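The structure under discussion appears below in the form of C-alpha cells.
All values reported here derive from a predicted model rather than from experimental measurement.
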Amino acid sequence: MTTMTTGSDTLTRDALAVLQPGFTGTSAPDWLLRRIGEGLASVGLFGRNIVSAPQVAALTAQLRAEQDDLLVAIDEEGGDVTRIEVRTGSSFPGNLALGAVDDVDLTREVARELGRRLAECGVNLNWAPSADVNSNPDNPIIGVRAFGAETDLVARHTAAYIEGLQAAGVAACTKHFPGHGDTNVDSHHAMPRIDVDLDTLHARELVPFRAAIAAGSKSVMSAHILLPALDPARPATLSPRILTGLLREELGYDGLIVSDAVEMQAIAGTVGIERGSVLAIAAGADALCVGGGLADEGTVLRLRDALVRAVRDGDLAEERLADAAARVRALAAWTRGARGDVAAPGAAVQEGTAPGTGTGSDIGLVAARRAARITASPSWRPLEQAPYVATFTPVMNIAVSSETPWSIGGELAALLPGTESGTFGTDSSAADVLGAAGERRVVAVVRDEHRHPWMAAALDALLAARPDTVVVEMGVPRATPRGALHIATHGAARVCGRAAAEAIAGV
C-alpha cells in the first residue's frame with residue numbers, strides 16, 4: 001500500500017527525482033510518462049526495451065516529450081555487457097581488450113564512438129566504465145569488465161574512456177566505488193566482503209577513481225560491498241563514511257553519486273529495498289538505480305513513498321533529499337547543454353538497423369583485432385575447410401544478458417561456409433565433442449578456463465585426442481596457451497569473435 005501524495009508536492013517531486021527506474025516494453029507505458037510529469041528525472045533502459053536504433057530514438061523522444069532534459073541511462077559497457085546490442089553482441093570490445101592493447105588514444109576513440117551511437121539514440125547517461133582493478137583472478141562478476149589487474153593501467157584507461165564518452169555528450173558513471181575487483185562473491189546474489197587494509201585500498205582500489213574524478217566523470221556508482229577497514233557495519237552504498245566521508249570529503253568528488261541496483265540481493269536480501277534506498281540517500285547517494293529486476297510502477301511508488309515517509313518521520317533530512325534531487329537535475333541540465341555538437345537523436349539512424357550498428361566508424365573491430373593474442377604451433381596453417389566449433393559454456397554472471405550471443409561460430413561460418421557449432425556444459429565430455437565433430441577440425445571456445453575445472457579437464461582430454469584443435473579463450477586468459485593455435489580475445493564481444501575467426505581462416 002502506498003501513501004497518499006500529490007504530484008505538486010515538492011518533497012514528492014524530490015523523491016521521484018532521485019529514482020532511476022526501468023520499465024517493460026519498447027515504448028513508454030502510461031504510468032512512466034505520468035511519473036515523469038510528476039517529477040521523475042531519470043529512466044533506465046535495458047535489453048528488453050531495445051529492438052532497433054530507430055525504435056530506441058522514438059522511445060527516447062517519447063520520454064523527452066514529457067521532460068526535455070530527462071536523463072536516459074543505460075548499462076552499456078561494450079564487450080560482454082551490452083544492452084544496445086543485446087541480441088547481436090557488441091560492436092565494441094570490452095575493457096579487458098582495451099587494457100590488453102594499452103593505447104589510451106584507442107580507448108578514448110572507442111568510447112567516443114560508443115558515446116556517439118548512444119547519443120544518436122537519445123541516451124545521455126551510461127552506467128560505465130568499470131574502474132575496478134581485477135586483482136582477484138577468480139572474481140565471478142568483474143573479470144573482462146575490468147581494464148586489467150594493474151592499478152596504473154586501469155587508472156589511465158578509465159580516464160581515457162570517460163574523456164571519450166563525455167566528448168560525445170554522454171555522461172559517464174564510473175563504477176563500482178570503492179572497487180569491486182578483489183571480491184569472490186557476486187553482489188547480485190550476496191554481500192561481498194573485501195578484507196584489505198587502508199594502505200592497500202588507497203594504493204590499489206582508489207587510484208582509478210582518483211583518475212576518474214580528475215578526468216571529470218559526471219557520476220560515480222557505488223558498490224554493494226563491505227570493506228571493514230572503512231566501515232565494518234554497512235556496505236559502501238549505505239555507508240556515510242564511504243560515500244560522504246571518503247568520496248565527497250577526502251577525494252573531493254562533487255558530481256552525482258548513483259547507487260548500484262537496489263534490488264540486488266546484497267541490499268534487497270538484507271535491509272530491503274525501501275530501507276536500503278533511504279539509507280543510501282542518507283549516506284550520500286544522489287540517485288537510486290532500480291529496474292533490472294523490478295520494472296513496475298509499484299516499485300517506483302514504494303521507493304518514492306519510503307523516501308517521503310523517512311523525511312516526515314525524521315529518518316532522512318529533507319535537505320539531504322533536496323540536495324540529491326538538485327544534483328540529478330544539474331546533470332540533466334549538463335546533458336542538455338552537451339547536445340550541441342552531437343547529432344539530434346535519431347538523425348543518423350535508419351529503419352532496420354540494430355542499435356550501434358550504423359554507418360559509423362569500425363573502430364571497435366580495429367580494437368578487437370589489436371587485442372587478440374595469438375600463439376601458434378610451428379606446424380600451424382590457416383584453416384581452409386569448415387571446422388566444428390565446440391563452445392564450452394559456463395554459468396554466466398548476471399551482468400551479462402542471457403540473450404547476448406557469444407563464441408565465434410557465426411563469424412567463422414561467414415568466412416568458412418559450412419562451419420557447424422555446438423554448446424557443451426558441465427556434464428559434457430571430450431567424447432561428446434568428438435562425436436559431434438566427426439572428422440572435422442575442432443575449434444574449442446572457452447571462457448575463463450582457469451575458473452572452471454570441468455572446462456579445463458574437457459579441453460585437456462580433447463587436446464590429447466586431437467592435438468590439432470584450435471583453442472579460443474574469450475574470457476580472462478590465465479590458463480597456459482595450448483593447442484595448434486591459441487587465441488586470447490580478452491572478451492566475448494561480437495567483434496572479438498570476428499577477430500578470432502579472421503586469425504583462424506587467415507584473412
Side-chain angles (χ1 to χ4, degrees), residues 52 78-80 82 85-94 97 144 352-358 362 364-376 380-394 396 400-425 428 430 432-447 449 455 458-459 462-463 465-475 483-507:
S52 69
D80 291 31
T82 179
E85 295 183 275
V86 66
R87 293 172 184 83
T88 61
S90 182
S91 300
F92 302 92
V144 296
T353 60
T357 59
D362 65 351
L365 180 55
V366 170
R369 288 169 176 156
R370 290 182 62 185
R373 297 293 178 264
I374 300 172
T375 306
W380 165 254
R381 297 293 182 272
L383 300 190
E384 296 179 353
Q385 302 297 319
Y388 183 83
V389 177
T391 301
F392 292 93
T393 305
M396 300 305 300
V400 180
S401 174
S402 60
E403 294 180 77
T404 305
W406 69 283
S407 191
I408 68 168
E411 300 297 331
L412 196 52
L415 302 176
L416 296 172
T419 295
E420 295 185 10
S421 302
T423 58
F424 300 86
S428 301
D432 296 325
V433 175
L434 294 171
E439 297 301 315
R440 287 167 292 184
R441 192 79 170 267
V442 176
V443 177
V445 182
V446 296
R447 197 166 181 169
E449 181 200 341
M455 189 184 295
L459 185 58
L462 180 59
L463 288 168
R466 292 277 190 90
D468 63 353
T469 293
V470 174
V471 179
V472 181
E473 168 62 83
M474 302 195 81
L485 180 73
H486 185 279
I487 306 170
T489 62
H490 298 92
R494 176 173 51 82
V495 287
C496 294
R498 175 71 185 190
E502 290 174 346
I504 293 168
V507 299

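The two residues Ala493 and Gly79 come nearest to each other via the heavy atoms CB-CA, 3.7 Å. For the residue pair Thr404 and Thr82, the shortest heavy atom distance occurs at CG2-CG2, 4.0 Å. Smallest separation of non-hydrogen atoms from Ala386 and Leu416: CB-O, 3.9 Å. Taking all atoms of both residues into account, the shortest heavy-atom contact from Val442 to Ala390 is CG1-CB, 4.5 Å. Closest approach of Val144 to Gly475, counting heavy atoms only: CG1-C, 3.6 Å. Listed here is the closest heavy atom pair of Arg494 and Gly89: NE-O, 3.4 Å.
Taken from SG in Cys496 to CE in Met474, the straight-line distance is 6.0 Å, to the nearest 0.5 Å. Summarising the geometry, atom OG1 belonging to Thr489 is positioned 8.5 Å from atom CD1 belonging to Ile487; distances are rounded to the nearest 0.5 Å.
Contact of the Ser407 side chain with the Val389 side chain is registered, since non-hydrogen atoms from C-beta on lie closer than 4.5 Å. Residues Val471 and Leu463 meet the side-chain proximity criterion, which asks for heavy atoms closer than 4.5 Å.
Side-chain polar atoms of Thr393 and Arg447 form no donor-acceptor pair below 3.5 angstrom.
Listed by chain and residue number, Arg441 satisfy the salt bridge (charged side-chain N to carboxylate O under 4.0 Å, His left out) test with Asp468 (two or more places apart in sequence, or in another chain). Taking the side chain to side chain donor-acceptor pair (under 3.5 Å) definition, one finds that Thr469 meets it with nothing, sequence neighbours left out. Residues forming a salt bridge (charged side-chain N to carboxylate O under 4.0 Å, His left out) with Arg370 (at least two apart in sequence, or on another chain): Asp103. Legend: residues meeting salt bridge (charged side-chain N to carboxylate O under 4.0 Å, His left out) with Glu473, ordered by chain and number and at least two apart, are absent. Applying the side-chain contact (heavy atoms from CB on, under 4.5 Å) rule to Ala97 yields the partners Pro93, Ala371, His490; only residues at least two apart in sequence or on another chain are considered.
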Could you go through residues 500-507 and list every donor-acceptor pair under 3.5 Å that involves a side-chain atom there, pairing it with any protein atom two or more places apart or in another chain?
residue, atom, partner, partner atom, Å
Glu502, OE1, Arg369, NE, 2.9
Glu502, OE2, Arg369, NH2, 2.8
Glu502, OE2, Arg498, NE, 3.1

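Relative ring orientation between Tyr388 and Phe424 is described as perpendicular, the plane-to-plane angle rising above 60° on a 0-90° scale split at 30° and 60°.
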